[in-house]
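Here's the structure we're looking at; comments come further down.
Just the heavy atoms: all of them, side chains too, but no hydrogens, waters or symmetry mates, feed the values below. To find a chain, count down the sequence lines: A is the first, B the second, and so on, and within it residues start at 1.
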Amino acid sequence: MLDIKLLRDDPERITQNLRDRGVRVFDDLSSESDWASEAVARLAEFDQRYRELLSAADDLRREQNENSAATKAVGKLPKDQQAAARKPLIDAGRALRERERELSEQTELAREARDEAWSRVPNLTHPDSPRGHRDEDHAELHQWGTRRDFAAEGFTPKDHLELAEALDLVDFAAGAKVVGQKFYYLVNEAVLLDMALQRYALEVARKHGFKLHTTPDLARVDILDGLGFNPRGESTQVYSVADSDLCLVGTAEITLGGMLADEILDVERLPLLVAGLSHCFRTEAGSHGQESRGLYRVHQFTKVELFAFTVGELEISEAMHERLRDIEEELFQGLGLPYRVIDIASGDLGGPAYRKYDLEAWMPGRGDWGEITSTSNCTDYQARRLKIRYRPEPVDGKKQKPRMVHMLNGTAVATSRALVAILENYQQADGSVVVPEILRPLCGFDRIGPR
RNA sequence: GGAGGAGUGGCCGAGCGGUUUAAGGCGGCGGACUUGAAAUCCGUUGUGGGGGAAACCCUACCGGGGGUUCGAAUCCCUCCUCCUCCGCCA
C-alpha cells in the first residue's frame with residue numbers, strides 16, 4: 001500500500017503510474033480514454049469523504065469527553081444538589097453516545113471503502129523500468145555464458161521431461177493420482193540433486209551474510225494481504241486452508257517479510273538480510289496450457305528465498321536490489337547455466353514491486369529463455385501495511401520519527417526450474433546428464449544415467 | 001485434549017468504574033554539579049489519525065474484536081498468545 005498522502009499531494013503521479021502499469025483499480029469506469037484520471041478522482045472522493053466523517057466523529061468524541069468531565073465535576077457540589085445537576089448531563093451524554101455510534105460506523109465504512117480501493121493501487125515505478133505490457137517491452141540488460149551448439153555436437157537436445165522420464169527421475173502420474181495434475185514425485189538422483197541445490201543456495205546465502213531460516217509453509221491471510229498477495233477471489237494464486245484464516249505460502253517471501261510485522265527496528269539492525277527455505281504452493285489459476293510440460297510450471301516446488309530489509313531510502317534499497325541480482329547471477333554462474341537478465345516492464349511488475357529483474361536461463365529443450373529467478377525492490381509498499389518501521393539516527397540530538405523500511409526479495413534458487421535448466425543444459429548424446437561440478441560434492445555422484 | 005494463571009508505554013511493574021493528563025523504577029535524551037568521569041540531583045520521554053504555515057490543538061490506542069455505562073486499563077462476552085500442571089504423541 002502506498003502512503004495515502006501521495007494521493008493528496010501528487011495525484012498526477014498516481015494517475016500516470018496507473019497508466020504505465022495498466023491498472024484500472026475500479027472495473028466500472030465509464031471513460032475508455034481517461035480511466036486513470038477517473039480512478040484517481042474517485043479515490044480522492046473516497047479519501048475526502050472519510051476525512052470529513054472522521055473529523056465530525058472526532059468532534060463528537062471531544063464533546064463526549066467534555067460531558068464526562070462535567071459529570072465527574074458534579075461530585076464536588078453539595079450532596080443535595082448533585083442529583084439535579086447530574087441528570088441533564090447524563091441525558092446529554094446518552095444522546096451524544098447515540099450520535100457518536102452512528103457516525104463512527106459511517107466513518108469506519110468510509111475508511112474501509114477507501115483502503116480497499118487504495119490497496120489495489122500498485123507501487124510507483126522506477127524511472128528506468130521500461131514502460132509497456134508486452135513481452136518485447138522488457139529490457140534485456142545482459143547475457144552470461146555460452147549456449148551449447150547441439151548441432152555441432154551431433155544430436156538434438158531433449159526437453160527436461162523426456163530426459164527425466166527416461167532416467168526415472170520424476171513421477172507425474174503418481175502425483176496426479178494422489179494429489180492432482182501438476183503435482184509430482186522426484187525420484188532417485190533427482191531427490192539428491194534437489195537437496196544439493198537447496199544446500200548450495202543456502203551456503204551462498206550464508207556466505208553473503210544472510211541469516212538462514214526454514215520457514216512455515218502456511219501463513220495468515222492478513223500477512224498475505226500485507227505483502228500484496230491476494231488470497232481471495234477467483235484468480236488467486238494461493239491455496240486457502242478450509243475453516244481457517246490460513247493459506248499455503250506461494251513463496252517464503254511471505255513468511256520472511258511477515259516476520260517483523262508491527263515492529264519498530266533499531267537502525268543498527270539494518271540492512272537485515274534473511275534467507276528462507278520453504279515449499280511453495282501455487283494454484284496457477286488461469287495459466288492452463290501455458291508452459292504446461294513437466295516441471296516448469298507446477299503446483300508445488302521448493303525454494304530458497306533471499307530477503308532484505310533496508311532503511312527507507314531509495315539509493316540504499318536500489319543498491320541492495322543490485323546486490324540481490326548479483327547474488328542470483330553468482331548462483332547461476334556457479335551452476336554454469338547460460339542466462340540473461342531482464343528489466344521487467346511496468347505493465348508486468350506485480351503490484352508491490354517498484355522494480356523487478358528476472359534471470360532467464362537458456363532452456364535448450366524449449367529453444368528459449370525461461371525464468372529461473374526474480375528479484376524485486378518493493379520499497380515501502382509492503383512495509384506500510386505490515387507496519388515494519390525503523391527509528392532513524394537522531395539528527396542534532398533529536399529523536400526521529402519511525403520510518404517505513406524498504407523490503408526486497410529475490411530467489412536464490414527455485415529447485416524445479418533449476419532442475420529444468422540443469423537437465424536440459426547438461427544432457428549428453430547418450431541420454432545421460434552430467435551433474436554441474438559445484439553440486440557434485442553435495443550429491444555424491446557426477447552423472448545420472450545413461451539408463 | 002483437560003485444569004489453572006497471565007498479557008499495561010523501549011523494558012520491568014502498579015492500578016481493577018470518574019482525583020490516571022497511566023503511579024514507581026530501569027533505559028534513552030537534555031541540563032546542573034565536576035578538570036573529566038562515576039555517583040547524585042533537576043527536567044524530559046510512545047504510536048497512529050485529523051486540522052494547522054508553524055507553535056500547537058483535537059482524537060484514538062493498556063493482547064485483538066465486540067458489549068454494558070453519561071464515563072472502561074478496570075465490568076461482561078469472544079478470540080489470540082504466553083506460562084504452570086495433567087493427559088496424549090513423533
Taking only N and O in the side chain of [X], is any of them less than 4.0 Å away from OP1 or OP2 of [N]?
X        : N      : result
A/Asn65  : B/rA60 : yes
A/Arg51  : B/rG51 : yes
A/Arg8   : B/rG50 : yes
A/Lys72  : B/rU19 : yes
A/Arg101 : B/rG66 : no
A/Arg391 : B/rU47 : yes
A/Arg97  : B/rC70 : yes
A/Arg62  : B/rG50 : no
A/Arg94  : B/rC70 : yes

Please classify the nucleic acid contact of [X] as base, sugar-phosphate, or nothing, using heavy-atom distances under 4.0 Å.
X        : value
A/Leu54  : sugar-phosphate
A/Arg114 : nothing
A/Asp59  : nothing

Let me know the distance between [atom1] of [X] and [atom2] of [N], rounded to the nearest Å.
X        : N      : atom1 : atom2 : result
A/Arg220 : B/rU81 : CZ    : C1'   : 9 Å
A/Ile4   : B/rG48 : CD1   : P     : 16 Å
A/Leu7   : B/rG49 : CG    : P     : 15 Å
A/Asp222 : B/rC79 : CG    : P     : 18 Å
A/Leu386 : B/rG48 : CG    : P     : 16 Å
A/Asp262 : B/rC61 : CG    : P     : 17 Å
A/Lys387 : B/rG49 : NZ    : P     : 10 Å
A/Leu53  : B/rG51 : CG    : C1'   : 16 Å

Judged by nearest nucleotide, the residue sitting upstream toward the 5' end of RNA chain B, A/Tyr50 or A/Asn67, is A/Tyr50
Taking the nucleotide of RNA chain B with the nearest heavy atom to each, does A/Ile264 or A/Gln64 sit closer to the 5' end? A/Ile264
Would you say the ring centers of A/His406 and A/Tyr354 fall short of 6.0 Å from each other? no
Using the [atom1] atom on both, measure [N] against [M] and round to a whole Å.
N      : M      : atom1 : answer
B/rG9  : B/rG63 : P     : 8 Å
B/rA23 : B/rG18 : P     : 16 Å
B/rA39 : B/rG30 : P     : 16 Å
B/rC29 : B/rC62 : P     : 29 Å
B/rU19 : B/rG5  : P     : 29 Å
B/rU8  : B/rG4  : C1'   : 22 Å
B/rC76 : B/rG24 : P     : 29 Å
B/rG65 : B/rU81 : C1'   : 15 Å

Going from CD on A/Gln382 to CD on A/Glu253, what distance comes out if it is rounded to the nearest 0.5 angstrom? 5.0 Å
Stepwise side chain to side chain contact (heavy atoms under 4.5 Å, CB included) test for A/Val204 and A/Ile327: CA-CA 8 Å; A/Val204 171; A/Ile327 295 170; 4.2 Å; yes
Looking only at the side chains, is there a donor atom on one of [X] and [Y] sitting less than 3.5 Å from an acceptor on the other?
X        : Y        : answer
A/Gln16  : A/Glu12  : no
A/Asp217 : A/His279 : yes
A/Glu38  : A/Ser30  : yes
A/Glu63  : A/Asn67  : no

Given the rule that a pair is Watson-Crick or G-U wobble with both distances under 3.5 Å, how would you write RNA chain B in dot-bracket, using | for pairs to a different strand? ((((((((.[[[..)..(.....]]]((((((.......))))))((((((....)))))).[[[[[..)....]]]]])))))))....
Note: A/Arg355-A/Asp343 ion pair, threshold 4.0 Å (strictly below): yes
Is A/Arg111 paired with A/Glu108 through a side-chain N to carboxylate O contact shorter than 4.0 Å? yes
Looking at the side chain of A/Ser68, which of B/rG71, B/rA60, B/rC80 is the nearest nucleotide? B/rG71
Of the options B/rA60, B/rG48, B/rC70, whose atoms approach the side-chain atoms of A/Arg389 most closely? B/rG48
Atom CZ of A/Arg120: over 12 foreign heavy atoms under 6.0 Å: yes
